[in-house]
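Working notes, beginning with the structure itself.
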Amino acid sequence: RRLTFWGERNEYDEPGGALPAGVAEVLASSAVARGAESLVTQLDAEGLRLFADAEPLPALRRLDLRAWIEPASLGLHPYRDRLEELALSGCEWDAAALTAGRPWARLRVLDVRSAGLPVGGWEALARPGAFPELARLSVALRRFDPADPAEAVRAGRFPRLERLEILGDA
């Protein structure tokens with residue numbers, strides 16, 4: 001089951017606003033959400049905090065999070081052993097906070113192209129053992145980032161990697 005939740009629509013009648021914090025809290029505690037395997041949503045800072053602090057959605061395996069905040073430390077640690085796919089967009093996020101602690105045991109797809117990888121974030125993503133099952137990684141590097149993705153791949157930091165997509169603004 002896939003759930004998609006958006007806030008107010010913009011002037012072009014497209015989903016544009018962040019989901020209000022109160023709705024995010026109800027979402028995180030609803031029976032329907034508890035059975036969701038996939039969730040696509042846009043949250044503001046308070047909504048993200050409530051989502052991260054709520055009881056984890058037990059069936060969630062795929063999360064597409066559009067969080068209009070900066071920087072987002074992304075308190076997704078309750079999902080480390082559950083998520084198989086994670087997509088982040090619309091926020092400046094903290095790669096070190098995402099990879100700190102125990103490994104993302106089941107994560108096979110990480111897409112952070114739309115969020116952009118902060119300068120220095122590549123080193124955090126390439127931390128040995130952080131993503132033992134990662135098969136697909138999509139990133140956007142900043143122009144002046146000295147990161148060397150090829151070196152991390154050659155060093156075996158992503159042992160199951162099958163596809164690496166790199167976008168840049170150079």
Side-chain angles (χ1 to χ4, degrees), residues 5 18-19 21 24 27-28 36-153 155-169:
F5 288 93
L19 197 61
L27 163 65
E37 293 177 3
S38 177
L39 175 62
V40 179
T41 192
Q42 184 167 310
L43 301 172
D44 61 12
E46 180 65 9
L48 180 60
R49 186 192 64 74
L50 289 170
F51 178 78
D53 290 347
E55 182 70 25
L57 302 176
L60 194 64
R61 300 293 176 260
R62 182 181 183 280
L63 178 61
D64 186 341
L65 182 62
R66 291 119 196 242
W68 296 105
I69 56 177
E70 34 182 280
S73 62
L74 297 167
L76 298 174
H77 300 294
Y79 293 98
R80 279 185 187 260
D81 298 327
R82 298 178 182 168
L83 286 182
E84 296 171 7
E85 296 183 32
L86 176 60
L88 304 173
S89 62
C91 62
E92 292 291 325
W93 56 284
D94 185 344
L98 184 69
T99 60
R102 68 184 193 281
W104 287 80
R106 298 177 60 165
L107 198 67
R108 293 191 38 75
V109 176
L110 178 60
D111 184 346
V112 291
R113 288 174 298 182
S114 296
L117 192 60
V119 172
W122 179 256
E123 288 76 19
L125 282 185
R127 183 176 64 86
F131 303 104
E133 297 299 318
L134 197 65
R136 183 174 147 220
L137 176 58
S138 302
V139 298
L141 296 175
R142 306 270 194 238
R143 181 181 317 184
F144 301 108
D145 194 334
D148 184 0
E151 178 56 35
V153 172
R157 295 198 180 154
F158 304 104
R160 303 228 188 282
L161 195 66
E162 298 169 2
R163 184 173 179 175
L164 175 62
E165 298 174 319
I166 301 172
L167 292 126
D169 62 2

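The salt bridge (charged side-chain N to carboxylate O under 4.0 Å, His left out) search around Glu165 returns Arg113, Arg136, Arg163, not counting sequence neighbours. With sequence neighbours excluded, the residues that form a salt bridge (charged side-chain N to carboxylate O under 4.0 Å, His left out) with Arg160 are Glu133. Qualifying salt bridge (charged side-chain N to carboxylate O under 4.0 Å, His left out) partners for Arg61, counting only residues two or more places apart in sequence or in other chains: none.
In this structure, the side chains of Asp64 and Leu39 stay at 4.5 Å or more apart for every pair of heavy atoms. For the pair Asp111/Leu88, no side-chain contact is recorded, criterion being any heavy-atom separation below 4.5 Å from C-beta on. In this structure, Val139 and Leu167 have side chains that are not in contact, with every pair of non-hydrogen atoms separated by 4.5 Å or more. Counting heavy atoms from C-beta outward, Leu63 and Tyr79 have side chains that stay 4.5 Å or more apart.
A pairwise comparison of heavy atoms in Pro132 and Trp104 identifies CD-O, 3.6 Å as the closest pair. Closest approach of Asp81 and Ala105 over heavy atoms only: OD1-CB, 3.9 Å.
Atom CZ of residue Arg80 and atom CG of residue Leu86 lie 10.5 Å apart, to the nearest 0.5 angstrom. Atoms CG and OG, on Leu83 and Ser38 in that order, are 10.0 Å from each other to the nearest 0.5 Å. Once rounded to the nearest 0.5 Å, the distance linking CG of Leu137 with CZ of Arg157 reads 13.5 Å.
Using cut-offs of 30° and 60° for the angle between ring planes, the Phe131 and Phe158 rings count as parallel.
Glu84 and Arg108 are not joined by a salt bridge, as no carboxylate oxygen comes within less than 4.0 angstrom of a charged side-chain nitrogen.
Between the side chain of Arg82 and the main chain of Ala59, no donor-acceptor pair closer than 3.5 Å is present.
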